Amino acid sequence: MVDALNGLIVLANFVLIPATAYGAQLALGALGVTLIYGILRFSNFAHGDTMAFGTAITVLVTWGFQALGISFGPLPTALLALPIGIAATSLLVVGTDRAVYRFYRKQRAAPVIYLIASLGVMFVLNGLVRFIIGTDDQRFTDGERFLISVREFKAMTGLAEGLAIRTTQAITVVVAVLVVAALFWFLNRTRTGKSMRAYSDNEDLALLSGINPERVVLYTWLIVAALATTAGVLYGLDKSFKPFVYFQLLLPIFAAAIVGGLGNPLGAIAGGFVIAYSEVLITYPMKRVLGYWMPESLEPDGLVQLLSTDYKFAVSFSILLIVLLFRPTGLFKGKSL
Amino acid sequence: MIVVENLHRHFGGFRAVDGASLRIETGSITGLIGPNGAGKTTLFNVIAGVLKPTSGKVTMAGEEITGLPPHELFHKGLLRTFQIAHEFSSMTVRENLMMVPGAQRGETLWETWFNRRQIEADERALLAKADEVLEFLTISHLRDEKAGNLSGGQKKLLELGRTMMVDAKIVFLDEVGAGVNRTLLNTIGDAILRLNKERGYTFVVIEHDMDFIGKICDPVICMAEGKVLAEGTLAEIKANEQVIEAYLGTGLKNKVAAG
Amino acid sequence: DGHGAIKLGVSLGFTGPLESLAPAMAGGAELAMGEVNAAGGILDGKMFEAVQGDSTCIDASAATSVAERLVTSDGVAGIVGAMCSGATGAILANVAVPNGIVMVSPSATSPGLTTAEDNGLFFRTAPSDARQGVIISEILAENGITNVAVSYTNNDYGKGLADAFESAFEAAGGTVTINAAHEDNKADYSAEVGALAAAGGEVLVVAGYVDSGGSGIVRAALDTGAFDTFYFPDGMVSEQLGLNFPGEIDGSFGANPGTDSNGAQLYQDMATAGGFDGTSPFSAESYDAAALIMLAMQAAGSADPADYKDTLMDVANAPGEVILPGELAKAIQILKDGGGVDYSGASAVELIGPGEAGGNYRQITFENGELVVVGYR
Amino acid sequence: MIGSLFRGMTRRDLLLFAFVAVLYIGTAYVQSWNTVLGMVNLALISAIMALGVNMQWGYAGLLNVGVMGFVALGGLAAVLVSVPPTEEAVSAGGLQIVIALLLGAATVAAAVVAWGKMPPSRARGFAVAGILLVGFFVFRAVFDPAVARVEAVNPASTGYLGGLHLPVVISWPVGGLFAAGAAWIIGKSALRLRSDYLAIATLGISEIIIAILKNEDWLSRGVKNATGVPSPMPAAIDLQNDPSFVERVTAWGFDPVTASTISVKLGYMALFLAVLVALIWLTQMALNSPWGRMMRAIRDNEVAASAMGKDVTKRHLQIFILGSAVCGMAGAMLVTLDGQLTPGTYQPLRFTFLIWVMVIVGGSGNNWGSVLGGFLIYWLYIQVEPIGIWTMEMITSGMADGSWLKAHLLESAAHMRLLTMGVILLVVLRFSPRGLIPER
Amino acid sequence: MTEPFLIGDTMSGGYGSGPDILHDCTVSVDKGEIAVIVGPNGAGKSTAMKAVFGMLDVRQGAVRLGGEDITKLTPQARVAKGMGFVPQTNNIFTSMTVEENLEMGAFLRHDDIAQTMAQVYELFPILHEKRNQAAGELSGGQRQQVAVGRALMTQPTVLMLDEPTAGVSPIVMDELFDRIIEVARTGISILMVEQNARQALEIADKGYVLVQGRNAYTDTGKALLADPEVRKSFLGG
Ligand SMILES: Nc1ncnc2c1ncn2[C@@H]1O[C@H](COP(=O)(O)OP(=O)(O)OP(=O)(O)O)[C@@H](O)[C@H]1O
Ligand SMILES: Nc1ncnc2c1ncn2[C@@H]1O[C@H](COP(=O)(O)OP(=O)(O)OP(=O)(O)O)[C@@H](O)[C@H]1O
Ligand SMILES: [Mg+2]
Ligand SMILES: [Mg+2]
């Protein structure tokens with residue numbers, strides 16, 4: 001009985017909790033991507049760097065707060081700085097839209113042109129972020145790191161195995177769930193939300209219904225800025241902040257958005273978890289868990305690992321492919337242009 | 001020519017085509033009418049291979065063609081037009097027509113590299129043919145216009161024009177008349193009759209314009225709610241109570257008052 | 001007056017996956033040049049000028065183009081670089097050898113480069129992975145550890161080191177429970193740490209980079225309680241490590257190139273004064289790479305690679321007076337006077353065989369959140 | 001014949017080409033001919049890759065964001081064809097690895113056949129899964145020990161099977177074949193995906209290919225890099241040591257080092273140019289014929305094209321395979337030029353996105369556009385670094401020495417590379433959104 | 001004679017930088033009137049409608065609503081001024097449900113829209129049945145009904161319809177014309193393009209025949225119907 005429990009806790013500690021947190025992180029990023037795809041109709045390759053920009057600003061402000069001795073109790077100070085980061089990112093993305101994307105909207109350019117333009121923006125942001133904060137790893141975490149740490153857990157339960165839940169993990173999961181619910185409600189129930197969907201569906205007709213396209217675009221970017229910064233900051237709090245990693249985040253984020261179905265907020269969440277779980281679960285060696293669960297005589301010698309972690313990305317992408325083969329527009333019927 | 005047996009096509013729980021059975025005789029011009037949403041277009045799409053049937057069977061000249069992809073049906077001589085025009089919008093009107101004939105020599109890569117001369121000869125012939133069709137459709141001044149820039153009616157004409165580029169056995173026309181000027185529609189009607197007489201094309205025509213149906217179609221099939229409601233000459237159909245109630249109606253109530 | 005100055009190429013991955021290591025490395029190389037210039041240059045007043053070139057680490061051909069530019073357009077007399085073994089190999093074969101330019105890489109550790117066709121033009125101040133594998137194995141054995149897990153960064157450095165270590169360790173009777181790769185700069189390492197934890201081991205050997213995947217692995221391992229003791233090879237040992245995990249890695253240990261000559265400490269102080277982190281991986285090696293080139297020129301009495309490529313080994317090795325960081329002026333003077341030097345520098349270079357560092361190591365451990373040097377070997 | 005090669009070229013296009021030529025020649029004067037010729041060779045390879053992508057996207061509207069994977073496969077071909085076999089490794093496990101791979105292929109084939117033959121049912125699912133599972137374990141049982149033996153052979157310098165030791169140029173078509181093979185497999189399964197879904201699927205597959213190249217050491221040494229790919233040209237150093245060469249060039253007044261490096265580059269250039277011209281001729285012919293028209297129709301409206309008798313699936317597959325093969329060939333050429341295969345350097349930024357930028361900036365759907373894009377963007381890619389540094393020096397020249405801002409700005413100069421690249425891309429795209437040489 | 005409520009006065013213009021499609025073309029409609037535009041395919045009927053609605057550069061001439069010059073206003077500003085438009089193609093939001101399509105029609109309204117919606121459902125019962133279905137999944141005729149319904153939701157003062165009856169069944173067409181007459185009686189101006197020209201002209205107060213972007217005939221609906229030349233060339237005999 002205790003063995004069974006220990007096995008479960010090992011599984012939770014190394015698979016369930018990290019995968020859930022990682023899934024939520026991906027989902028938050030994917031929400032931004034999916035929203036731009038859904039409403040402005042292009043795959044925004046600058047999203048990773050937008051996240052990096054928002055986070056960089058938040059990090060600087062956080063340092064400022066820390067220097068001034070402002071803190072947020074047990075919570076990370078960065079959360080206090082977050083609104084400022086969001087504001088700065090909003091200015092950035094709206095500015096980018098004015099300077100870059102608006103022109104192509106007027107031209108009615110093909111989506112791939114936006115995509116390439118977003119590559120250009122990505123390059124520029126890439127340079128900008130490094131210019132602002134450099135290339136290094138930056139730490140800005142403070143407050144309580146753990147809701148419960150391994151040691152505390154063991155002391156509390158008296159079990160041989162422990163498990164840890166980080167504050168940031170918990171915050172990320174909660175935020176992701178709240179955000180997706182809010183977004184879903186916003187898009188499907190509110191007037192502004194519906195007008196955004198209408199705009200994405202048929203721009204001309206939206207015009208004929210009295211919808212102001214510039215306004216729709218503005219709202220979209222504001223939401224995206226908030227999402228990107230929040231996602232970036234939560235990720236940075238949990239791991240660390242380094243511009244290059246944020247650029248690299250783009251790939252799993254896109255994978256998540258696609259698996260879920262582009263343009264669909266629920267899909268982004270589902271996609272995030274699918275990617276995260278498949279990465280962690282399929283490459284997880286069951287040796288230690290089975291060691292608890294199996295009778296002594298049957299305990300495994302090998303690692304009992306389906307695939308080595310070297311192929312972690314191959315795994316998540318294979319899952320992605322399999323999903324797409326059976327559901328060509330993702331789990332939650334996304335859009336395709 | 002075409003026999004449809006107990007065909008079903010469902011969308012989720014909704015039965016768009018719900019056990020339709022019909023025969024289309026070789027050499028006939030069959031009219032297909034019915035209320036909006038009766039399943040006419042869906043029936044076309046299933047026969048033409050765009051949609052897979054939920055169940056049922058379609059045969060063409062005795063050969064089962066259920067579920068064959070559209071491009072194979074094309075090569076068997078089955079052509080169709082689209083209710084919502086599907087032009088190749090970034091190509092010119094002429095190219096829209098010239099791309100139609102199947103098995104063009106110049107569509108094989110090998111030949112494009114090593115058989116230029118022959119291809120050029122083929123192209124000249126095609127060009128002449130396309131221009132002839134454009135002339136007929138009264139849009140030859142638009143031959144080098146991008147098809148996407150055509151007016152709504154012109155696009156419908158182009159749809160029809162494509163079927164005239166090859167020797168078809170059977171042609172499915174989905175509301176060619178909607179949005180087409182009535183004078184021109186008369187000309188089109190004549191053309192259909194001529195193609196039918198001279199070249200032996202079989203036609204199936206979906207149309208909501210009773211004058212047009214009356215002018216060219218015999219027999220007429222009326223669908224409703226995914227099933228065949230009535231079948232016969234137009235006169236018979238027009239007299240059918242159910243058809244009147246579901247489809248034809250009794251004319252404008254406010255007409256006089258409005259004058 | 002930069003006119004007529006000798007140009008040295010500094011070709012590192014300023015952009016790309018290892019971009020965060022590059023500034024401190026370039027800082028090291030330029031520090032050495034600055035020092036020589038301050039001392040009045042070599043060969044009777046010839047000054048040095050650094051020309052940077054981005055070797056990207058992700059694009060061997062771009063690296064080649066850039067090196068091509070450094071050599072044929074800027075006319076550099078030698079190259080400090082490149083950073084990653086891939087780019088280094090490409091530049092060596094396509095630019096350095098055909099144009100007869102000396103290259104001293106501070107960080108390409110791939111054993112494959114040992115046997116590369118180089119016409120005696122290629123050197124490196126970083127030891128080959130093979131040597132370090134043995135060192136790690138010895139240190140672990142001394143600590144009574146027989147059972148370890150290994151996580152390495154998935155490039156030639158990590159893989160080469162992990163392989164070398166595994167064979168050395170197993171030959172000495174130890175067990176490697178798992179030898180698994182991690183990719184740098186990825187979003188999440190839970191899968192890797194999950195696998196490492198499941199395989200188990202007394203210590204986790206992290207053959208990665210401190211500002212990249214290496215720290216990510218350590219972070220995740222600490223948080224989940226998978227491991228609490230680590231072994232850190234040279235890519236990880238730096239002050240940064242202590243800052244990244246304040247107080248969390250006490251009892252963990254490692255080693256990086258260095259000797260009791262105090263060179264490392266001297267260099268660190270110089271770097272701090274110069275405004276960059278001298279403990280960042282391969283920064284010291286970069287200083288040494290630049291210094292070696294310049295001293296070799298002085299020794300050869302010529303800035304022509306064809307001449308000084310033959311004196312480079314001489315200035316690096318005994319006999320001669322031992323030279324530490326900050327003593328370049330002295331070294332130049334000795335050479336000018338016809339004496340010999342044994343350059344030891346910041347990373348205690350000793351060039352062996354085909355022109356690579358022999359490898360003296362400085363053993364460290366973490367106590368109360370501080371990096372403490374415990375000995376040399 | 002020549003006429004159709006240049007069909008559709010306008011005076012403006014020629015001016016653009018002239019402009020790019022001036023960029024390169026100007027660079028030669030500011031920097032050196034050696035630098036520029038090196039760049040030209042890489043630009044030629046990039047242009048070929050861009051042509052491949054353009055075939056897929058420009059002709060058929062297939063969004064392939066997995067270019068990197070095909071390029072890498074081509075690179076693998078170069079190694080497998082040209083390097084000498086590692087005798088010891090081959091005898092240790094070569095045969096067994098081949099058997100294992102055949103077993104693996106047989107498993108997949110069996111699964112596919114079972115899937116096709118059995119009626120749709122739960123039993124079919126189990127049967128296929130069963131076949132795959134059993135096959136997987138049998139495969140691993142044969143494969144793993146053989147791999148272990150092969151990799152144990154002198155791991156620091158070999159540890160892999162090596163290649164066939166054939167002339168490296170043969171690997172170019174072979175690289176094309178490798179890529180075509182992969183494209184066939186991908187195309188059979190993923191081509192029915194639309195737009196961005198196909199994009200991410202190909203992106204994923206390319207990542208998987210790179211993962212294999214990185215981790216299968218027995219094949220090409222993995223991240224330890226396979227070096228020493230023989231060159232089809234005489235090495236510059238050999239020329240320098242060849243007295244007759246030295247004599248000749250000195251007689252002409254050249255310095256032997258410069259002359260040797262330049263002649264090697266010219267040799268490569270001739271080879272690459274030949275490939276590029278052949279490809280352009282083939283693609284121009286195809287594009288300006290009913291085949292091209294059909295592809296455009298398919299790109300415009302698949303439903304209508306298929307109703308007009310065009311086999312959309314088959315054509316998509318055809319063009320996907322051809323385009324990928326071109327990328328594969330370019331990949332083999334690249335490794336030939338570099339002389340080594342370094343899997344770690346295959347990054348989407350360089351081998352997928354940059355190529356895409358070339359295609360779009362050049363003008364998608366237009367072969368000459370791809371060539372122009374290839375040359376222009378490659379020039380930028382290399383030259384924005386000095387431009388960035390130069391800009392920073394200009395900006396900071398007025399500032400006081402030792403000021404924090406000046407130091408910070410100069411330090412950031414390297415990142416100006418990306419920034420400048422982005423700005424230039426945006427500017428080009430702004431002033432000609434359909435590319436510099438748009439499709440006609 | 002005072003000026004009509006809505007007038008596109010001697011408009012010339014074309015698409016983008018292309019040639020002029022309209023040449024001094026005038027169309028107008030007064031309060032409570034029905035004006036019908038007929039003509040061959042490609043005559044410029046839709047173009048004229050778009051010009052009146054500001055979706056096209058009017059290079060010469062002007063558009064005035066209730067005496068006010070609105071030539072320079074954006075389409076959405078014209079919506080705010082009480083104009084409603086059903087384009088000939090792409091006239092529904094395909095990914096939104098039928099009900100959401102109707103709601104979007106009422107986007108600028110801030111009063112209770114339930115009643116108007118009920119009226120639309122009454123007019124087109126099939127839409128009520130399918131109100132939660134994505135409009136893109138509807139049949140051709142059903143889509144057309146959604147499009148007209150969407151425009152009715154704006155409660156416009158001027159309603160512009162580009163071939164509202166294309167593809168709808170006879171019974172629905174009759175209903176639609178009935179409804180249009182009713183709407184006009186409430187004082188709303190109706191400007192529409194029709195190919196079912198005979199029915200349309202029968203209910204029209206005013207008729208325009210456009211040919212190649214020019215006004216060819218202008219008269220009352222009845223008079224045009226009676227003109228044999230017009231009948232033969234444009235109304236199909
Ligand atoms: N993809 C789909 N998903 C769900 N329902 C659909 C889909 N396509 C069609 N339907 C439904 O099927 C029914 C039949 O549609 P169909 O287009 O066949 O009608 P139709 O007879 O051609 O009508 P019309 O005369 O208006 O063109 C309609 O009620 C429509 O809403
Ligand atoms: N977007 C466009 N760009 C360029 N030309 C266009 C565009 N739309 C229409 N045209 C051209 O303008 C002319 C008039 O088109 P319009 O759509 O106004 O005709 P219409 O009278 O409405 O015809 P129909 O009855 O067929 O709908 C046509 O010759 C068409 O080719
Ligand atoms: Mg229909
Ligand atoms: Mg029209």
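Every chain is numbered from 1, with letters handed out A, B, ... down the list of sequences. Bear in mind the structure is a predicted one, so any value in this text is a computation, not a measurement.
Of the two parts of L334(D), only the side chain, counted from C-beta on, holds a non-hydrogen atom closer than 4.5 Å to a non-hydrogen atom of chain C. Residue contact with chain C, scored on non-hydrogen atoms closer than 4.5 Å, is absent for V36(D). Contact of N154(C) with chain D is made through backbone and side chain together, with heavy-atom distances under 4.5 Å. Both the backbone and the side chain of D338(D) have a heavy atom closer than 4.5 Å to some heavy atom of chain C. For a residue to count as touching a neighbouring chain, one of its non-hydrogen atoms must lie under 4.5 Å from one of that chain's; by this rule D74(C) does not touch chain D. In this structure, chain D has a heavy atom under 4.5 Å from the side chain of D163(C), while its backbone stays farther away.
To the nearest 0.5 Å, the span separating CG on N94(C) from CG on N41(D) amounts to 10.5 Å. Between S32(D) atom OG and L70(C) atom CG the span is 10.5 Å, to the nearest 0.5 Å. Expressed to the nearest 0.5 Å, how far CG of N241(D) lies from CG of N119(C) amounts to 7.5 Å.
A side-chain donor-acceptor contact under 3.5 Å links T35(D) and T72(C).
By the 4.5 Å heavy-atom criterion applied to side chains, L42(D) and S65(C) are counted as neighbours. Using a 4.5 Å cut-off on side-chain heavy atoms (C-beta onward), E68(C) and K265(D) make contact. Considering only heavy atoms from C-beta on, D217(D) comes within 4.5 Å of K159(C) through its side chain. When side chains are defined from C-beta on, T261(D) does not count as touching V95(C), because their heavy atoms never get closer than 4.5 Å.
Residue-environment remark: CD (E88(D)) stays at or below the threshold of 12 foreign heavy atoms within 6.0 Å. Heavy-atom neighbours of F245(D) CZ from other residues, nucleotides or ligands within 6.0 Å: above the threshold of 12.
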